[in-house]
Amino acid sequence: MAPVAAPPNPSAEAPLTSATPLDERTPLQKHVGFFDTDDDGIIWPLDTIAYIHKAKHGSSSLVYDRRGLFTPENMDEIFKAYSEPPNYDTLTFWQAMAVARGNRDPFDFFGWIANPLEWFSLYMLLWPKDGKMKKEDIRGMYD
């Protein structure tokens, strides 16, 4: 699969735009596609908030690989390390904050703030009645 980048000619069709079926896009392309409001394959400043280029940080959970593919093994490792037995399939808010602390890159000061905010946002979006985010719900947000 060729890497996705802006075409040399801005008026040319960008790769993996609305012409590409949704099931052929990687999970990361689907996720980032949310910010491409005009669906031209390029996230212009008018498409989203400023500084979106800082969305990827070193303190990431590594659930997406370098090609933008979802990595279920890394998701499983998060739950094995931070969830509770017997099923290892839920995370409380405080366990999610522990994930954020555990993934801190020593010199990624932006990530120290961004990663907990990402988990906080995820918790707010899911708002589990029992206080526990289910693994399949979290995966649904990534995919």
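If you read the sequence from its start, that first residue is 1, and numbering goes on from there.
- The existence of a salt bridge linking K80 and E77 is confirmed by a sub-4.0 Å separation between a basic side-chain nitrogen and an acidic carboxylate oxygen.
- Atom NZ of K135 is surrounded by more than 12 heavy atoms from other residues, nucleotides or ligands within 6.0 Å.
- When atom types are taken as modelled, the side chain of T92 and the backbone of Q95 share a donor-acceptor pair closer than 3.5 angstrom.
- L117 and W127 fall into different hydrophobic clusters, where Ile, Leu, Val, Met, Phe, Trp and Tyr residues are linked whenever their side-chain heavy atoms come under 4.5 Å apart, directly or through other members.
- Here the straight-line distance linking atom CD1 of I78 with atom OG of S61 works out to 4.5 Å at 0.5 Å rounding.
- Rounding to the nearest 0.5 Å places CG of L91 at 11.0 Å from OH of Y123.
- For F120, the CZ atom is loosely surrounded, since the number of other residues' heavy atoms within 6.0 Å does not exceed 12.
- With N87 contributing its side chain and D89 its backbone, the two residues share no donor-acceptor pair below 3.5 Å.
- One distance of note links CE of M97 with CG of N115; it measures 8.0 Å at 0.5 Å rounding.
- Residue W119 comes nearest to A100 through the heavy atom pair CD1-CB, 4.1 Å, listed as atom of the first residue, atom of the second, then distance.
- Without hydrogens or angle criteria, S60 side chain to L62 main chain gives a donor-acceptor distance under 3.5 Å.
- The distance between the ring centers of F79 and Y88 does not fall below 6.0 angstrom.
- Here the CH2 atom belonging to W112 is positioned 8.0 Å from the CZ atom belonging to F107, to the nearest 0.5 angstrom.
- The line from NZ of K132 to CG of L126 is 15.5 Å long, rounded to the nearest 0.5 Å.
- Between F70 and Y142, the angle of the ring planes lies from 30° to 60°, which puts this pair in the tilted group.
- Of the inter-residue distances, the one linking S83 atom OG with K134 atom NZ reads 11.5 Å to the nearest 0.5 angstrom.
- Counting only residues at least two apart or in different chains, salt bridge (Lys or Arg N to Asp or Glu O under 4.0 Å) contacts with residues 91-105 are absent.
- There is a path of hydrophobic side-chain contacts, each under 4.5 Å, that joins L125 to M75.
- The backbone N or O of M133 lies less than 3.5 Å from no partner atom in the side chain of T90, so there is not a single donor-acceptor pair.
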